Amino acid sequence: MSEPYQHRARKRFGQNFLHDAGVIHRILRAIHAREGEHLLEIGPGQGALTEGLLNSGAQLDVIELDLDLIPILQAKFAGEPRFRLNQGDALKFDFNSLQAAPNSLRVVGNLPYNISTPLIFHLLNNAQLIRDMHFMLQKEVVERLAAGPGGGDWGRLSIMVQYHCQVEHLFNVGPGAFNPPPKVDSAIVRLVPHQVLPHPAKDHRLLERVVREAFNQRRKTLRNTLKALLPASEIEAADVDGSLRPEQLDLAAFVRLADRLALQPEPTSP
Ligand code: SAM
């Protein structure tokens with residue numbers, strides 16, 4: 001008689017499968033999915049969260065990269081008409097193909113930690129489709145996402161994500177909840193895209209540029225790090241003290257700097 005298929009967790013896909021029923025239940029409670037909603041689960045793995053998400057009565061799309069997991073997911077859930085399996089790379093996925101109504105998609109995932117930051121940025125490019133996101137991430141990443149100005153965790157990730165979303169660090173999860181256990185602590189975060197941006201920049205790509213430049217050398221003063229982008233007089237015109245370090249500035253101040261940059265003439269090419 002053939003053995004039932006046993007999937008071996010693959011490191012390169014960041015596979016740490018949840019097995020702690022208490023933690024799974026707590027995550028599902030935090031998401032609180034309901035009938036009629038449209039959910040998207042990224043990296044369903046062997047379905048630890050998937051089953052509870054489907055039991056809510058919601059419509060569920062999943063995106064899984066590992067081909068070996070596809071038959072397992074199909075065997076478990078393909079009979080359910082509210083379930084749709086998308087095989088592929090979530091980083092390249094076209095979220096418009098889901099035909100979700102604006103501001104409706106609820107995104108969920110115990111994410112592979114190596115792709116979590118680019119994936120969040122890929123999702124934020126489609127923020128108008130998304131109602132909220134619940135992710136399991138490395139705890140340090142959640143601390144950076146939820147940080148406020150003034151400390152070492154405040155940086156490019158906090159600023160660019162908080163530009164688009166309200167961030168809530170919900171709870172921490174120890175390595176023992178996973179199989180195999182990861183080497184780091186994890187945490188659940190909730191990201192809710194703003195309906196109206198609290199600090200809209202004239203051009204968010206310029207905000208990204210200013211923030212990247214400022215935090216490239218976070219120990220230096222803004223006057224120094226932003227020299228190539230903005231003269232000291234422009235930093236002052238943005239109502240920012242150029243002798244501060246980048247971690248001392250809040251989001252609104254970075255947006256004011258980006259808006260001064262938007263007013264600068266384009267450098268002429270030689
Ligand atoms: N949700 C499952 C759980 O909680 O047990 C699995 C979580 S595991 C940390 C991450 C999952 O994401 C794996 O199933 C992995 O194969 C999948 N994955 C990795 N990279 C991916 C990508 N680029 N796109 C979609 N899924 C990916």
Side-chain angles (χ1 to χ4, degrees), residues 5-31 33 39-56 58 60-78 80 83-98 105-126 130 132-142 145 170-191:
Y5 175 75
Q6 284 280 328
H7 181 79
R8 279 191 52 205
R10 289 209 174 87
K11 230 179 176 167
R12 76 188 158 103
F13 290 140
Q15 291 178 349
N16 300 98
F17 298 113
L18 267 171
H19 70 89
D20 182 321
V23 170
I24 292 170
H25 186 65
R26 202 167 168 202
I27 297 170
L28 292 170
R29 239 185 14 228
I31 298 167
L39 310 182
L40 168 64
E41 186 186 6
I42 295 175
Q46 297 174 297
L49 295 169
T50 317
E51 185 167 353
L53 294 172
L54 264 178
N55 286 344
S56 69
L60 177 65
D61 269 278
V62 303
I63 309 174
E64 175 56 60
L65 180 60
D66 185 350
L67 283 169
D68 287 347
L69 289 171
I70 301 301
I72 299 181
L73 290 165
Q74 260 162 347
K76 283 190 180 161
F77 306 115
E80 171 53 69
F83 177 76
R84 195 161 55 180
L85 179 54
N86 305 273
Q87 193 278 321
D89 183 348
L91 287 173
K92 297 185 184 141
F93 193 79
D94 174 10
F95 299 108
N96 287 306
S97 70
L98 298 175
L105 203 56
R106 306 197 65 202
V107 186
V108 176
N110 169 15
L111 297 185
Y113 294 158
N114 53 337
I115 67 158
S116 56
T117 307
L119 184 63
I120 290 173
F121 283 109
H122 182 40
L123 283 159
L124 289 176
N125 284 333
N126 298 274
I130 298 172
D132 59 20
M133 300 178 260
H134 290 81
F135 294 130
M136 173 91 78
L137 302 171
Q138 201 171 324
K139 188 171 133 233
E140 280 87 67
V141 175
V142 171
L145 287 169
L170 295 182
F171 54 90
N172 297 336
V173 179
F178 305 87
N179 188 12
K183 291 199 176 66
V184 292
D185 281 326
S186 305
I188 297 285
V189 69
R190 176 184 291 144
L191 307 176

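Atoms within each ligand, like the ligands themselves, are counted from 1 in listed order. Everything numeric here is computed off the predicted structure, so don't read it as measured data.
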Are any non-hydrogen side-chain atoms of [X] and [Y] less than 4.5 angstrom apart?
X: V173; Y: F178; result: yes
X: M136; Y: L49; result: no
X: D185; Y: N172; result: no
X: L98; Y: R84; result: yes
X: M133; Y: L124; result: yes
X: K76; Y: T50; result: no
X: V184; Y: K139; result: no
X: I27; Y: N110; result: no

Starting from [atom], locate the nearest protein heavy atom and write down its residue, its atom name and how far away it is, to 0.1 Å.
atom: atom 2 (C) of ligand 1; answer: P44 O, 3.3 Å
atom: atom 17 (C) of ligand 1; answer: E64 OE2, 3.3 Å
atom: atom 26 (N) of ligand 1; answer: L65 N, 3.4 Å
atom: atom 19 (C) of ligand 1; answer: F13 O, 3.1 Å
atom: atom 3 (C) of ligand 1; answer: N110 ND2, 3.5 Å
atom: atom 13 (C) of ligand 1; answer: Q15 CG, 3.6 Å

*Report yes or no: does a heavy atom of Q46 sit under 4.0 Å from some atom of ligand 1?*
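Distance cut 4.0 Å: Q46 fails for ligand 1.
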
With heavy-atom distances below 4.0 Å as the criterion, list the atoms of ligand 1 near [X].
X: I115; value: 22 (C), 23 (N)
X: I63; value: 25 (C), 26 (N)
X: E41; value: 1 (N)
X: D89; value: 22 (C), 23 (N), 24 (N)
X: L18; value: 3 (C), 4 (O), 5 (O)
X: G88; value: 24 (N), 25 (C)
X: D66; value: 16 (O)

*Taking everything shown except H25 itself, do over 12 heavy atoms lie less than 6.0 Å from its NE2?*
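Not more than 12 within 6.0 Å, no.
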
_More than 12 heavy atoms from other groups under 6.0 Å of CD on E51_ =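 Open.
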
I want to know if ligand 1 touches [X] in the polar sense, i.e. an N/O pair below 3.5 angstrom.
X: G43; value: yes
X: N16; value: no
X: A90; value: yes

Answer side chain, backbone, both or neither: which part of [X] comes under 4.0 Å from ligand 1, heavy atoms only.
X: T50; result: neither
X: L119; result: neither
X: R10; result: neither

*Taking the six-membered ring for Trp, are F77 and F83 parallel (under 30°), tilted (30 to 60°) or perpendicular (over 60°)?*
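Aromatic pair F77/F83 classed tilted.
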
*So between P112, G14, A9, whose heavy atom ends up nearest atom 8 (S) of ligand 1?*
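Shortest heavy-atom distance from atom 8 (S) of ligand 1: G14.
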
*Which atom names give the shortest non-hydrogen contact between P182 and P175, and what distance separates them?*
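Of all heavy-atom pairs spanning P182 and P175, the closest is O-CB, 3.4 Å.
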
*Please report the shortest heavy-atom distance between Q138 and Y113, naming the atom on each side.*
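Minimum heavy-atom contact is N-CE2, 3.5 Å.
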
